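Worksheet: the structure to be examined is printed underneath.
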There are 2 protein chains.
Amino acid sequence: MGQQEVPELCGRGRELVRDVLERVGDKWSVVVICQLGDATRRFNELRRLCEPITQRMLSATLHGLERDGVVTRTVFDTKPVRVDYALTPRGLSLLEVVLGLAWWAERNAAEIQRDRDLFDAR
Amino acid sequence: MGQQEVPELCGRGRELVRDVLERVGDKWSVVVICQLGDATRRFNELRRLCEPITQRMLSATLHGLERDGVVTRTVFDTKPVRVDYALTPRGLSLLEVVLGLAWWAERNAAEIQRDRDLFDAR
DNA sequence: CGGGATCCGAAACGATACTG
DNA sequence: CAGTATCGTTTCGGATCCCG
């Protein structure tokens with residue numbers, strides 16, 4: 001496995017790719033996506049699940065994800081109003097690769113924390 | 001695939017996981033990791049490959065990756081000095097999941113860009 | 001060549017208050 | 001219930017200068 005196939009992160013395509021990666025890179029998108037993985041959620045429900053996210057950041061994150069076609073936003077005209085969020089097919093495919101990241105992080109978190117402490121003890 | 005297994009991003013483990021994810025989420029780590037995927041690189045070599053990264057950010061990014069045990073830093077006591085960077089086994093395993101992300105971004109970048117334009121046209 | 005130190009503007013984020 | 005608006009703080013990142 002010495003030779004890896006590296007995507008076109010080198011040329012002009014990199015800008016686009018980085019652009020997309022920055023959404024996943026922000027503070028809350030991955031958490032929100034994971035919480036939408038197994039079910040449709042309402043706003044405040046999502047908020048509890050993603051604690052301690054602020055109302056402002058959840059709103060902003062969802063807005064960005066909707067803009068990217070990763071989640072859908074459905075408004076029910078009841079009173080009080082009700083809004084459902086769910087992953088689109090694109091969001092579902094994103095979830096899969098994001099879960100790869102999350103699992104890696106989970107598997108390695110403890111050892112990385114240890115290495116960090118060792119590294120900082122200097 | 002309606003039922004997804006979601007990792008423990010909910011409990012106390014989430015802090016650790018998010019902590020780890022934030023490294024991948026910063027502006028340059030993914031690019032640097034990908035460029036280290038197929039070979040050991042020297043500092044300025046890496047700098048050219050990651051253009052337009054600044055010296056400061058490349059230095060900071062590598063420092064963080066070294067701290068997390070993702071890259072090794074090897075100093076050769078020649079003149080002028082020479083420093084090699086390479087992925088550790090942990091870094092190699094991270095590369096694999098990161099490539100998953102990069103490929104997804106590459107595959108979806110064009111359509112996402114289109115959706116963004118549509119969304120913004122309101 | 002491979003950095004570190006400093007400064008500064010921009011962007012992200014949190015807290016709080018208010019609204020349909 | 002599901003947001004928006006405003007504000008202040010913190011963090012990030014680029015530019016520049018310096019050094020072994």
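The sequence lines fix the lettering, A, B, ..., with proteins before strands; numbering per chain opens at 1. Owing to the predicted nature of the structure, the values given are computational and were not obtained by experimental measurement.
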Linked, directly or transitively: B:Phe119 and A:Val20 (ILVMFWY side chains, under 4.5 Å)
no

To the nearest 0.5 Å, what is the distance between CG (A:Asn108) and CD (A:Gln113)?
12.5 Å

Shortest non-hydrogen contact from B:Arg41 to B:Gln35?
NE-O, 3.1 Å

Identify which one of B:Val30, B:Val98, B:Val31, B:Val24 satisfies the side-chain contact (heavy atoms from CB on, under 4.5 Å) criterion when paired with A:Leu21.
B:Val30

I'd like to check A:Cys50 versus A:Val32 (side-chain heavy atoms, cut-off strictly below 4.5 Å). Are they in contact?
yes

B:Cys34 and B:Leu95: which non-hydrogen atoms are nearest, and at how many Å?
CA-CD1, 4.0 Å

Side-chain contact, heavy-atom cut-off 4.5 Å: A:Asp120 with B:Arg67?
yes

Determine yes or no for a side-chain-to-main-chain donor-acceptor pair under 3.5 angstrom, with A:Asn44 supplying the side chain and A:Arg47 the backbone.
no

Mapping B:Gln55 and A:Gly25 onto DNA chain C by nearest heavy atom, which one lands closer to the 5' end?
B:Gln55

Quick one, which residues of residues 56-77 of chain A touch DNA chain C with a heavy atom under 4.0 Å?
A:Arg56, A:Met57

How is A:Lys27 classified with respect to the nucleic acid when contacts are heavy atoms under 4.0 Å: base, sugar-phosphate, or nothing?
sugar-phosphate

Table please: side-chain donor-acceptor pairs of residues 53-64 of chain B below 3.5 Å, with sequence neighbours left out.
from    : atom 1 : to      : atom 2 : distance (Å)
B:Thr54 : OG1    : B:Met57 : N      : 3.3
B:Thr61 : OG1    : B:Met57 : O      : 2.7

Is there side-chain contact between B:Arg116 and B:Ile112, with heavy atoms separated by less than 4.5 Å?
yes

Using a 4.0 Å cut-off to any heavy atom of chain A, which nucleotides of DNA chain D are the first and last in contact, reading 5' to 3'?
D:dC1 to D:dT6

How close do B:Glu45 and B:Thr40 get, counting heavy atoms only, and between which atoms?
OE1-O, 4.4 Å

Cluster question for you: counting only ILVMFWY and a side-chain heavy-atom cut-off of under 4.5 Å, with indirect links fine, are B:Val75 and B:Leu36 together?
yes

Between the first and last five pairs of the helix from C:dC1-D:dG20 to C:dG20-D:dC1, the angle of the axes, rounded to 10 degrees
50°

Using distance only, find each side-chain donor-acceptor pair of residues 78-93 of chain B under 3.5 Å and give its atom names and separation, not counting sequence neighbours.
from    : atom 1 : to       : atom 2 : distance (Å)
B:Thr78 : OG1    : B:Pro80  : O      : 2.9
B:Arg82 : NE     : B:Asp84  : OD1    : 3.2
B:Arg82 : NH2    : B:Asp84  : OD2    : 3.1
B:Tyr85 : OH     : B:Arg73  : NE     : 3.2
B:Thr88 : OG1    : B:Gly69  : O      : 2.7
B:Thr88 : OG1    : B:Val70  : O      : 3.2
B:Thr88 : OG1    : B:Arg90  : N      : 3.3
B:Thr88 : OG1    : B:Gly91  : N      : 3.0
B:Arg90 : NH1    : A:Asp115 : OD2    : 2.9
B:Arg90 : NH1    : B:Asp68  : O      : 2.8
B:Arg90 : NH2    : A:Glu111 : OE1    : 3.3
B:Arg90 : NH2    : A:Asp115 : OD2    : 3.4
B:Ser93 : OG     : A:Trp104 : NE1    : 2.9
B:Ser93 : OG     : B:Arg90  : O      : 2.8

Between A:Pro80 and B:Pro80, just flag the one whose closest nucleotide in DNA chain C comes earlier from the 5' side.
B:Pro80

First contact, last contact: which nucleotides of DNA chain C are these for chain B, 5' to 3', heavy-atom distance under 4.0 Å?
C:dC1 to C:dT6

